[in-house]
**Student:** 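Next up is a structure, given as C-alpha cells.
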There are 2 protein chains.
Amino acid sequence: MLRITALCNTVKVSPRKLDPETRATLVDIAARLLAEHGAEALSTRKIAAEAGTSTMAVYTHFGSMSGLVREMVHEGFARLERQFAMVRRTDDPVADMAVLGYAYRQNAKANSHLYAVMFGGQSLAGFSLTEDDRQYGRYTLVTVVECATRCIEAGRFRDGDPLLIAHEMWIATHGLVNLELGGYLIDPVDADRCYDTILTSLLVGVGDDTRSVAASMAASKQRRQHEVEAESAPAEPVATQG
Amino acid sequence: MLRITALCNTVKVSPRKLDPETRATLVDIAARLLAEHGAEALSTRKIAAEAGTSTMAVYTHFGSMSGLVREMVHEGFARLERQFAMVRRTDDPVADMAVLGYAYRQNAKANSHLYAVMFGGQSLAGFSLTEDDRQYGRYTLVTVVECATRCIEAGRFRDGDPLLIAHEMWIATHGLVNLELGGYLIDPVDADRCYDTILTSLLVGVGDDTRSVAASMAASKQRRQHEVEAESAPAEPVATQG
DNA sequence: CATTTTAGCATAACATCGTTATGCTAAGAA
DNA sequence: TTCTTAGCATAACGATGTTATGCTAAAATG
C-alpha cells in the first residue's frame, strides 16, 4: 500500500527531500478543482498555478497526471471506508444495511467526479484503474458482507452466500447513484423513491418479510442523519501516503 | 427529432448543399474510433484524416466535437430501442422482462464507450447530456414499463406502479453493467452470477413466487440467443438523421 | 449558357493541453 | 566548507479543440 514511496526515497543519500506538504497541497487542490469544475478543469497548469509552483511538481511527486489521479482515487476509497466505519452495528442488521447503502450513496454524491473514476469506469486524464486499485475498491465491500452475514445469522435473510447478497446491494445502490448523478431520475419517480423501492424489493427478495423490512427501513431513516455525513468535508486534509 | 437540420438548411437559397454522405461517414468513423480505441482516441484530426477531409468538416456538419458526440449518443439510443424491439411479447411477461434486461446488458457491452456517455454520466470531449437527450434515453424505458404492466396484469407481479418497477429493473441492470464494464465483478461472484441473483431477487421482491421466477429465468436464457444480438454489428451504417 | 451568389471545405493560425529536456539552486553528506 | 544531487522553474515539443481566412464548386438566376 505504501510502495509508491520506493520511487522517490532510494536507499542512497538524499541531498534534498520531497516536501510532503507540497504533495498534499497538490492532491488537495486537484481534488477541489475536480469536485468544483469537473474533469475538464483538471490540468497540470491550473493545479500548479493554484499551488504557486510549476507543472514539474506534479511530475516529481506523482510521475504524471495519472499518478495524481490515482492518489485521489485511493483517497476516495479511504473516504468511503471511513464513511462505512461510522455506521453502527446494531441488533437490526437490516437497518444497518440500509444505512450503509445510504452512506455509499451520500459519499458518491459528495464526490461525484471522483466516484465516476472509482466505480464508473471513467478514465480521467488517461488514468484507468489497475487491478490493484479495483481490489482496493472491492475491499470496501467487506463491511457490507459482514452486515449481510449478520442479517442471515439473525434469521432475517434466507441462508445463502453473504458475498453474493452484498453484491446485490452494491449493484443496486451503484446503479441508483449512477442514474441519479446522470440526471435520469426525476419527479414522479425520483431517486429517493427509487432507492426506497428497490432496497425494499431486494430485502424482501433475499428473504426478509415485508413488515420487518418496512420497520427496518423506517429505523434506518432515523439513523441516517447521525451516522452518515450529510456532505463529505471538502476542506478536510487528505492523507499523503508517503 | 429532426430539428438539427434547421441549423444548416436556411429558408434562403443554398448555393451548395451539405453532403449527407460525408456527415454519415464522419459519425461512422467517430463511432468506430470510440469503440475501438476509447475516448482518448477521439479527435477531430484523426476523424478528418480517416474520412479524407479536413477538421473543418466536423464544424460545418456538427458545430463542434460535442455535436458529433451528441449525434453518436442519439444513434446509441436508437440502437438500444431497436434491440428492445427485437424482444418478443410472449405469454410469459416475466421471461420477456429478463430478456429485455439481457438486451440492455448486451447493448451496453457492445458499445461500452458510447454507453458510458449515454447513461454513465461520462462527459466526452466536453459533451454532456441535455435534458432533451435524457428524455430520449428515458423514452427507451417505455418498452420495459409496458412489460411490467403485462406482468401485473398476468398476476405475476403485485399490483403497483409499473413505471416504478421498470425503474427498479433499469437501476439494477444498469448497476450491474457498470460494475461489469469497470472490471469489478470477478470469478467467485462474476457478472453472470450476479445478474441471475439480483434479477431473481428483484422479481421475487415485486411479488412473483420463487418457482415461477426460476422457470421464467430459465425460459429467458433459451430465448436470448434468438432475440438478442450477440454483438452489435460495428460495420452497420448509422442513421444520418438529416 | 454565363453570371452571381454563397456555403462547404482546405489551410493555417491560436490557445491550451500533457510531457520532457535543460539548467539553476537549495539542502543534505562529508 | 565543499560536494553532491534531486526538487523545481523555464521553456520547448507535439497534439488537442477551435476559429479566421480564403478558394472553389455548386446551385440559382438571367
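Here is the naming used below: chain letters follow the sequence lines, and residue numbers restart at 1 for every chain.
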**Student:** Find the bend of the helix from C:dC1-D:dG30 to C:dA30-D:dT1 as the angle between its two terminal axes (five pairs each), to the nearest 10°.
**Tutor:** 10°

**Student:** Protein within reach of the bases, or only the backbone? For nucleotides 12-22 of chain C, mark each nucleotide 5' to 3' as B, S or -, using heavy atoms under 4.0 Å.
**Tutor:** -B---BBBBB-

**Student:** Go through the structure and list residues passing side-chain hydrogen bond (donor to acceptor under 3.5 Å, both in side chains) with B:Lys109, not counting sequence neighbours.
**Tutor:** B:Glu180

**Student:** Can you check salt bridge (Lys or Arg N to Asp or Glu O under 4.0 Å) on B:Glu75 and B:Arg82, steps first, answer last?
**Tutor:** CA-CA 10 Å; B:Glu75 170 58 23; B:Arg82 264 179 273 144; 2.9 Å; yes

**Student:** Under the salt bridge (Lys or Arg N to Asp or Glu O under 4.0 Å) rule, what pairs show up with a residue in residues 51-62 of chain A, not counting sequence neighbours?
**Tutor:** none

**Student:** With sequence neighbours excluded, what pairs up with B:His113 under the ring-ring contact (aromatic ring centres under 6.0 Å, His included) test?
**Tutor:** none

**Student:** How would you list, by chain and number, every residue that makes a ring-ring contact (aromatic ring centres under 6.0 Å, His included) with A:Tyr102, sequence neighbours excluded?
**Tutor:** none

**Student:** Not counting sequence neighbours, which residues clear side chain to side chain contact (heavy atoms under 4.5 Å, CB included) with B:Thr197? List them please.
**Tutor:** A:Leu164, A:Glu168, B:Arg193

**Student:** Check the phosphate of C:dG8 against B:Thr60, side-chain N and O only, distance under 4.0 Å to OP1 or OP2. Yes or no?
**Tutor:** no

**Student:** Within this structure, what is the NE2-to-C1' distance between B:His61 and D:dT18, rounded to whole angstrom?
**Tutor:** 17 Å

**Student:** Within the 4.0 Å heavy-atom criterion, would you say A:Ser54 contacts the bases, only the backbone, or no part of the nucleic acid?
**Tutor:** base

**Student:** What is the distance, to the nearest angstrom, from the CZ atom on B:Phe62 to the P atom on C:dC9?
**Tutor:** 11 Å

**Student:** Going by the rule salt bridge (charged side-chain N to carboxylate O under 4.0 Å, His left out), which residues pair with B:Glu81 if we only count those two or more places apart in sequence or in a different chain?
**Tutor:** none

**Student:** Test of understanding: with salt bridge (charged side-chain N to carboxylate O under 4.0 Å, His left out), list the residues that count as partners of B:Arg138, not counting sequence neighbours.
**Tutor:** B:Glu131

